[in-house]
Amino acid sequence: LDAEARARFRNRAIGFVFQFHHLLPEFTAAENVAFPLFLRRVSRQEALEQAEGLLKHVGLEARSHHRPGELSGGEQQRVAVARALAGRPKLLLADEPSGNLDDRTSGQLHELLVEIHREHRLTSIIVTHNRALAAVCQQEWRMIGGRLEPA
């Protein structure tokens with residue numbers, strides 16, 4: 001695929017959650033969630049309606065008009081999870097999604113990721129050093145000497 005086709009594929013088929021949320025500071029939570037839909041040229045109204053639904057799904061409906069700087073770290077990460085789901089992806093890639101969260105908030109995020117994986121029937125690949133998160137996954141692989149091996 002050329003660069004444009006790869007970008008379109010990523011936008012439509014893959015949801016990304018990073019250790020650091022990468023939310024746009026000038027956008028509200030709802031606008032951040034709707035951003036992948038804006039890139040698809042979905043109407044602003046429809047994109048924001050979908051975003052509101054996703055924010056409700058992650059327990060943040062009351063925070064949809066707040067900017068990232070007004071949200072806690074856990075709330076910012078839940079916005080990032082909602083954004084990853086905005087395009088109804090088939091694959092969710094998460095890189096240390098709870099790496100910068102406290103233990104309690106990490107546990108809540110782990111439960112949310114498991115629930116979302118099941119409800120949205122996703123293929124999820126989660127990279128983590130967090131043993132508790134790895135333990136709730138269906139399969140666990142470890143990087144040993146630069147090679148992936150089943151745990």
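Keep in mind that this is a model prediction, so the values were computed, not measured. For reference, positions follow the sequence shown, starting with 1.
The neighbour count for Glu4 CD, taken as heavy atoms of other residues, nucleotides or ligands under 6.0 Å away, does not exceed 12. For CZ of Arg40, the number of neighbouring non-hydrogen atoms (other residues, nucleotides, ligands) closer than 6.0 Å is greater than 12. Dense packing is recorded around CG of Asp2, with more than 12 heavy atoms of other residues, nucleotides or ligands lying under 6.0 Å away. Counting heavy atoms of neighbouring residues, nucleotides and ligands inside a 6.0 Å radius, atom CD of Glu119 exceeds 12 of them. Counting heavy atoms of neighbouring residues, nucleotides and ligands inside a 6.0 Å radius, atom CD of Glu26 exceeds 12 of them.
With Arg83 as the partner, the side-chain contact (heavy atoms from CB on, under 4.5 Å) test is satisfied by one option alone out of Val58, Asn32, Leu37: Asn32.
Taking each heavy atom of Ser98 and His110 in turn, the nearest pair found is OG-NE2, 3.0 Å. Scanning all heavy atoms of the two residues, the minimum distance from Leu54 to Ala82 falls at CD1-O, 3.6 Å. The two atoms that bring Pro89 and Gly15 nearest to each other are CB-N, 3.4 Å, heavy atoms only. The two residues Leu112 and Arg78 come nearest to each other via the heavy atoms CD2-CG, 3.8 Å. Leu122 approaches His117 most closely through the heavy-atom pair O-CE1, 2.8 Å.
A distance-only check finds a donor-acceptor pair linking the side chain of Glu96 to the backbone of His129 [under 3.5 Å].
The aromatic rings of Phe38 and Phe35 stand perpendicular to each other, their planes meeting at an angle above 60°, with 30° marking the opposite boundary.
In this structure, the side-chain contact (heavy atoms from CB on, under 4.5 Å) partners of Ala3, at least two apart in sequence or on a different chain, are Arg6.
A salt bridge links Glu140 with Arg131; the closest basic N to acidic carboxylate O contact falls under 4.0 Å. Salt bridge Lys56/Glu52: absent, no basic N to carboxylate O contact under 4.0 Å.
Tracing side-chain contacts under 4.5 Å through hydrophobic residues (I, L, V, M, F, W, Y), one never reaches Val33 starting from Leu24; they form parts of separate clusters.
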